[in-house]
Undergrad: 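Would you mind keeping the following structure in view while I ask a few things?
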Amino acid sequence: MTVLLAVALTVLLSVTALLALARIYRGPSLLDRVVAADLLLATMLGAVGAEAAVNRHATTLPVLVVLSLLGFVGSVSLVRFAVREDA
């Protein structure tokens with residue numbers, strides 16, 4: 001059961017990452033690409049969090065915090081840049 005769960009999680013995270021990369025590549029606008037990049041970062045956070053939960057260690061917690069802050073600051077700065085370009 002645990003192996004099946006790990007395989008399903010790996011497949012779901014991989015499909016999510018591939019779809020986000022496709023949206024980054026094809027995105028018709030800058031904001032579509034920003035949302036896709038944020039989704040890709042959230043997928044990476046989920047993968048690192050799942051790995052930490054499976055291996056039962058908390059040493060990756062600082063990595064999760066830094067990735068979360070990076071995603072937040074990156075999204076906010078790109079949206080502010082896009083708003084200035086539209087005005």
Undergrad: Heavy atoms only: give me the nearest I24-A36 pair and the separation to one decimal.
TA: CG1-CB, 3.5 Å

Undergrad: Applying a strict under-4.5 Å side-chain criterion to I, L, V, M, F, W and Y, I'd like to know whether L69 and V66 cluster together.
TA: no

Undergrad: Counting distance only, does the side-chain N/O of S75 pair as donor-acceptor with the main-chain N or O of F72 below 3.5 Å?
TA: no

Undergrad: Taking all non-hydrogen atoms of both residues into account, name the closest pair between A52 and T60 and its distance.
TA: CB-OG1, 3.1 Å

Undergrad: What are the two closest non-hydrogen atoms of L64 and G49, and how far apart are they?
TA: CD2-N, 3.9 Å

Undergrad: What's the separation between atom CG in D32 and atom CZ in R26, rounded to the nearest 0.5 Å?
TA: 11.0 Å

Undergrad: Roughly how far, to the nearest 0.5 Å, is CG of D38 from CG of L31?
TA: 12.0 Å

Undergrad: Start with the C-alpha gap between L30 and F81, add the side-chain angles, then the distance that decides, and say whether side chain to side chain contact (heavy atoms under 4.5 Å, CB included) holds.
TA: CA-CA 10 Å; L30 176 67; F81 172 73; 4.2 Å; yes

Undergrad: Run the side chain to side chain contact (heavy atoms under 4.5 Å, CB included) check on E51 and H57 step by step: do they pass?
TA: CA-CA 9 Å; E51 185 271 331; H57 58 80; 3.2 Å; yes

Undergrad: Tell me every residue that passes side chain to side chain contact (heavy atoms under 4.5 Å, CB included) with A53, counting only those two or more places apart in sequence or in another chain.
TA: none

Undergrad: When you compare the side chain of V65 with that of P62, does any pair of heavy atoms fall below 4.5 Å?
TA: no

Undergrad: Out of the candidates T16, L21, L45, V35, only one should pair with L40 under the side-chain contact (heavy atoms from CB on, under 4.5 Å) rule; please name it.
TA: L21

Undergrad: Side chains of L19 and R23: does their closest heavy-atom pair fall under 4.5 Å?
TA: no

